[in-house]
Amino acid sequence: MNERFDPSRADSHWQRIWDERQCFRADDASDKPRSFVLEMFPYPSGRIHIGHVRNYTMGDVLARYKRMRGHEVLHPMGWDAFGMPAENAAMEKSVHPGGWTRENIANMKAQLKRLGFALDWSRELATCEPDYYGPEQSLFLDLYEADLVYRKESAVNWDPVDQTVLANEQVIDGRGWRSGALVEKRKLSQWFLKITDFADELLEGLDHLKGWPEKVRTMQENWIGKSQGLEFAFTLSDGSSLPVYSTRPDTIFGASFVAVAADHPVAQGIAATSPEALAFIEQCRAGGTTAAELETAEKLGFDTGLTATHPFSGALLPVYIANFVLMDYGTGAIMAVPGHDQRDFEFATKYGLPIMRVVAASAEEANKPFAGEAETGEGVLVNSDFLDGLGVAEAKAAVNARAQQEGWGSAKTQYRLRDWGVSRQRYWGTPIPFIHCEACGVVPVPKDQLPVVLPEDVDFATPGNPLLHHPTWRHVDCPKCGKAAERETDTLDTFVNSSWYFLRFASQPDDRPFDPAQIAKWLPVEQYIGGIEHAILHLLYARFWTRALARIGKVDVKEPFASLFTQGMVTHETYERTNPENGQPVYYSPAEVERTGDGATLTEDGQTVTVGRVIKMSKSKKNVVDPDEIVATYGADAIRWFMLSDSPPERDLPWSESGIEGCGRFVQRLWRIFGQYDASASGEDKPLDRKRDQTVAAVAEDIEALSFNKAVARIYELASAIEKAQPSASRSAAIKAILLLVAPMMPHIAEEAWQAMGDNEDGGLVSEAPWPEVDEALLVEDEVTIAVQVKGKLRDTITVAKGLPADELEALALASEKVQRSIDGAPIRKVIVVPDRLVNIVA
RNA sequence: GCGGACGUGGCGGAACGGUAGACGCAGCGGACUUAAAAUCCGCUUGGGCAUCCCAGUGCGGGUUCGAAUCCCGCCGUCCGCACCA
């Protein structure tokens, strides 16, 4: 063996061998147990970033490990290739989105290959290709036939200067990001998927997703937001009826005003005759639209002059237009109970409206004043007529019953979840396969005419959707009547693309989206790994899409991902100086900076730069490192090892230059250990045998739990034990074992050493070798070290045979000189003995 | 504002309610070398500067023979958000 391991040669060598032998192709016909390991596929932005490397390394270790455990592993890769950045590039650099995207894919694929991932590239897919989005169109038509797709009016952000629809993120302070023009709300007829039909199913299904993090399930549960409440109508002073929804009907006697959303018909009606009301509504629309902005914004209202009659007391409650009421939830109108809802409390305080107590800790506290905030907890009803003395739950039931009985309201289950709007007024997406005919209306494209292919000859110089002003593409004959008609020019939300790609990975026939028999074999995905930012939307949409396909009999699986793991971000410290001219920070990249002990200097001028906080790597802060450069310097195994070391995978991983250097050193250290392998060595080293098998068993457990940092620590320990050992058959066995343990993590050096050891007669690869067997008997220690405490404080430790009875342990503990000194003659009151663990003497 | 999580050495972190700080990084000392790199050995929570003891897991309480771990109340940091009526 050479003295040093040379990754620049070995990496590409083994990557080529794996390719040639098609080591990682999944066999659909295999009768082995199956493992579908999947990481969220990347958007082809152009370069792999460190976060991808972390994500794919974790999946790769699991995939390679499962293969060693005798599983048939499906570990595919593809490209989430539709989306806005390609169109932005087209506008900025005059390149075609398709060309730009495909070039990025080629670059990133080469980068992934250099990292040595065990991927089945034969199943590679890109969502921007007709062989992917064509089948998607066909599935969309299936859902349409099943009445799960419909059209309705919905508002979009319209940039009047760029003549284009903007995404929320393109609206900055109410203005278009490019034009700077004030954004208008425009109503368009758009396509929706009936995800709300599945609200209960999706909620219910969360209970069975045992392999999902609790926090993600909670987030989805809150997102779906099932609530039980009362929908009832107020009679207004103009004679009309105003339906409201409340989850706290028990507090109805505490209602002191009624509020409607700015977009509510009542508000619109008032605005028609009141310029002040109109101005107020405009003001509400101008403000921020996110929850955080709205919740922290000052509560504002406009008194409409109308009143609403309280259904029980007959009191006349003022009706306000309020900026904190949402048109999208419930009926867009509320009964406001300031005493028991914080938002209502703030509003009532501002506008001097009554704040009444209707829930109290006890009847005696019926008139206790409020301590500056609403009380939303449990209690008994007070000041509430026939409800007095009831608990909150009973009172809700009583009010609901009365409303039902008297015919002015009824109990209702409400969901926060809204239907999924999938229309995008953009070019670079899946064309929605419909045709608009003046005579026949909206007509689906017949399946034998799919795919509806995006035209390549498009013009980005003209503002707006290129599909709209393409000279010929839109114009088709109606499939029904044959007269001239027009294609739908909206494309599908890219979340549709990612809602079924895992199905296409499992099966990709030419003539249909997938073969259900293959889906049944591979799905659900055994382990899905990706960023927490997808906790709600992507994961909920994928769950919905799968369930929708199951409902219409296309697949036999309801939940696509059996286990989910959400990884942390990769972070790095920042380097900055303050620009003396404008006081703004100027950031420097790690490559421009030299780290010196506590501080850092800019290489260019040798002057110091401030070492800033450790934050998520981002281009704007320049605290990024390029995986390619790391691979070129240290090799793929070192960067993979770094991704797995130290930080638990669900937490953030701080990147550091010294950390990757340490990983590079460990690669060489391993190489020296491998070099000590001697197949002919003899002699037994029992403690090393035990350490070896304990490590093998523990690392297996750690990998299955995705606790890679712990597995890494154990491998370090075994490495140290091997280095301290004398040559023996045991040492050679331990070296072989550690090679197999690191093989899923550092496959290149593992292959190189496997070959160099030369006792794999058939010339097999370590990538095809089985995981080492463990002698269960060796795992059991025969000696244990026991803690001896006096009054809970450690005073001594004693090493004894494992399984020693309690009375003997107690005697040994009391015999300890240190213990006797600590007891100092005090009477012993109690002795707690935990066999094989500790003795605690209470004196 | 609401929801979710997390607080352990200089840093990343280990630790079924049972020896806190495994393992890695950084640092210090030493060996090897003409020298450097590489490598190897040792030390590394704080304090009293004793093989001994005291304190110590964000802060304050509590449960327990025993708490980083369980409970209550604070403080701080991070993440998500579509006002959930």
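Quick note on labels: first sequence line is chain A, next is B, and so on, each numbered from 1. No experiment lies behind these values; they were computed from the predicted model shown.
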task = Could you point out which residue of A:Phe198, A:Phe495, A:Tyr541, A:Phe192 forms a ring pair (Phe, Tyr, Trp, His ring centres under 6.0 Å) with A:Trp420?
result = A:Tyr541

inquiry  = Stem list for RNA chain B, please, built from Watson-Crick and G-U wobble pairs under 3.5 Å and keeping only runs of at least 3.
reply    = B:1-7 with B:75-81, B:10-12 with B:23-25, B:27-31 with B:39-43, B:45-48 with B:52-55, B:58-62 with B:70-74

inquiry  = Output the rounded distance in Å from CG (A:Leu809) to C1' (B:rG18).
reply    = 14 Å

ask   = Which whole-number value in Å describes the distance from A:Asp344 CG to B:rC2 P?
value = 14 Å

key: Euclidean distance, atom CD of residue A:Glu214 to atom C1' of B:rC6 [Å, nearest integer]   = 16 Å

key: Those residues that, when tested against A:Tyr415, pass ring-ring contact (aromatic ring centres under 6.0 Å, His included) (two or more places apart)   = none

key: Separation of the P atoms in B:rC41 and B:rC25, to the nearest angstrom   = 13 Å

query = When you measure from the side chain of A:Tyr245 to the backbone N and O of A:Gly229, does any donor-acceptor pair fall under 3.5 Å?
reply = yes

query = For the pair made of NZ in A:Lys791 and P in B:rU64, what is the distance, rounded to whole Å?
reply = 17 Å

task = Please measure how far the C1' atom in B:rA5 lies from the corresponding atom in B:rC54, and state the result in whole Å.
result = 36 Å

query = When syn is taken as a glycosidic angle within 90 degrees of 0, is B:rG9 syn or anti?
reply = syn

ask   = Can you check whether A:Gly225's main-chain N or O pairs, donor with acceptor, with A:Asn222's side chain at less than 3.5 Å?
value = no

message = Among B:rG18, B:rA85, B:rG80, which nucleotide has an atom closest to any side-chain atom of A:Leu838?
response = B:rG18

inquiry  = Within the 4.0 Å heavy-atom criterion, would you say A:Arg418 contacts the bases, only the backbone, or no part of the nucleic acid?
reply    = base

Given A:Val800, A:Ile798, A:Thr799, the one that forms side-chain contact (heavy atoms from CB on, under 4.5 Å) with A:Val784 = A:Val800

task = Sticking with atom C1', work out how far B:rU8 lies from B:rG13, rounded to a whole angstrom.
result = 9 Å

message = Counting only side-chain nitrogens and oxygens, does A:Lys818 get under 4.0 Å of the OP1 or OP2 atom of B:rU51?
response = no

Whole-Å distance separating the CG atom of A:Asp652 from the P atom of B:rC6 = 14 Å

ask   = Would A:Glu723 and A:Arg672 count as a salt bridge (Lys or Arg N to Asp or Glu O under 4.0 Å) if you check the C-alpha gap in whole Å, the side-chain angles of each, and the deciding distance to 0.1 Å?
value = CA-CA 9 Å; A:Glu723 285 168 332; A:Arg672 289 192 297 274; 5.5 Å; no

query = Choosing from B:rC40, B:rA85, B:rC65, which nucleotide comes nearest the side chain of A:Asn840?
reply = B:rC65

ask   = Roughly how far apart, to the nearest Å, are B:rG10 and B:rG27 at atom C1'?
value = 8 Å

query = Over how many whole Å does the gap from A:Gln676 atom CD to B:rU39 atom C1' extend?
reply = 13 Å

request  = For nucleotides B:rG29 and B:rC75, find the distance between their P atoms and express it as a whole number of Å.
outcome  = 45 Å

Just list the side-chain donor-acceptor pairs under 3.5 Å for residues 827-843 of chain A, sequence neighbours left out, or say none.
from	atom 1	to	atom 2	distance (Å)
A:Asp836	OD1	A:Gly803	N	2.8
A:Asn840	OD1	A:Lys791	N	3.4
A:Asn840	OD1	A:Gly792	N	3.0

task = For the pair A:Phe257 and A:Tyr351, evaluate ring-ring contact (aromatic ring centres under 6.0 Å, His included) and give the outcome as yes or no after the intermediate values.
result = CA-CA 11 Å; A:Phe257 65 99; A:Tyr351 290 99; 8.5 Å; no

Salt-bridge present (A:Arg424, A:Asp493; N to O < 4.0 Å) = yes

message = Using OP1 and OP2 only, check whether a side-chain N or O of A:Arg651 sits under 4.0 Å from B:rU77.
response = no

request  = Determine the interatomic distance between P on B:rC28 and the same-named atom on B:rA38; round to the nearest Å.
outcome  = 14 Å

query = Of all the choices, B:rA85, B:rC65, B:rA20, which nucleotide is nearest to the side chain of A:Leu794 once you look at every atom?
reply = B:rA20

message = For nucleotides 23-33 of chain B, give me one character per nucleotide, 5' to 3': B if any protein heavy atom sits under 4.0 Å from the base, S if the only such contacts are to the sugar-phosphate, - if neither.
response = SBSS-------

OP1 or OP2 of B:rA5 under 4.0 Å from side-chain N/O of A:Lys215 = no

request  = Report the residue (A:Ser822 or A:Lys830) whose heavy-atom-nearest nucleotide on RNA chain B is the more 5′ of the two.
outcome  = A:Ser822

remark   = Among B:rA15, B:rC52, B:rG13, the one nearest any side-chain atom of A:Lys710 is B:rA15

query = Do side-chain atoms of A:Arg731 reach the backbone of A:Ile722 as a donor and acceptor pair under 3.5 angstrom?
reply = no

task = Return the value, rounded to whole Å, for the distance between atom CD1 of A:Ile252 and atom P of B:rA85.
result = 16 Å

key: Which residue lies more 5' along RNA chain B, comparing A:Thr218 with A:Ala787 via nearest heavy atoms   = A:Thr218

inquiry  = Between A:Glu717 and A:Lys691, does any side-chain N to carboxylate O distance fall below 4.0 Å?
reply    = yes

query = Just checking A:Leu537: base, sugar-phosphate only, or nothing, at a heavy-atom cut-off of under 4.0 Å?
reply = base

request  = Give a yes/no on whether any side-chain N or O of A:Asn709 is located under 4.0 angstrom from OP1 or OP2 of B:rA14.
outcome  = yes

note = Of the candidates B:rG3, B:rC65, B:rG80, the side chain of A:Asn222 sits closest to B:rG3

request  = Taking atom C1' in both B:rA15 and B:rC23, compute the distance separating them and give it to the nearest angstrom.
outcome  = 12 Å

message = Taking the basic N atoms (NZ, or NE/NH1/NH2) and the acidic carboxylate oxygens, is any pair closer than 4.0 Å for A:Asp702 and A:Arg714?
response = yes

key: Pairing residues for A:Arg54 by the salt bridge (charged side-chain N to carboxylate O under 4.0 Å, His left out) criterion, not counting sequence neighbours   = none

message = I'd like to know if A:Glu221 and A:Lys226 make a salt bridge, using a cut-off of under 4.0 Å between side-chain N and carboxylate O.
response = no

Pairwise P distance for B:rU64 and B:rC16, with rounding to whole Å = 24 Å

Kindly give the atom pairs (protein nitrogen or oxygen, nucleotide nitrogen or oxygen) under 3.5 Å for nucleotides 54-58 of chain B.
from	atom 1	to	atom 2	distance (Å)
B:rC54	OP1	A:Arg795	NH2	3.4
B:rC54	OP2	A:Arg795	NH1	3.2
B:rA55	OP2	A:Lys793	NZ	2.8

task = Report the distance from atom CD of A:Glu650 to atom P of B:rG80, rounded to the nearest whole Å.
result = 17 Å

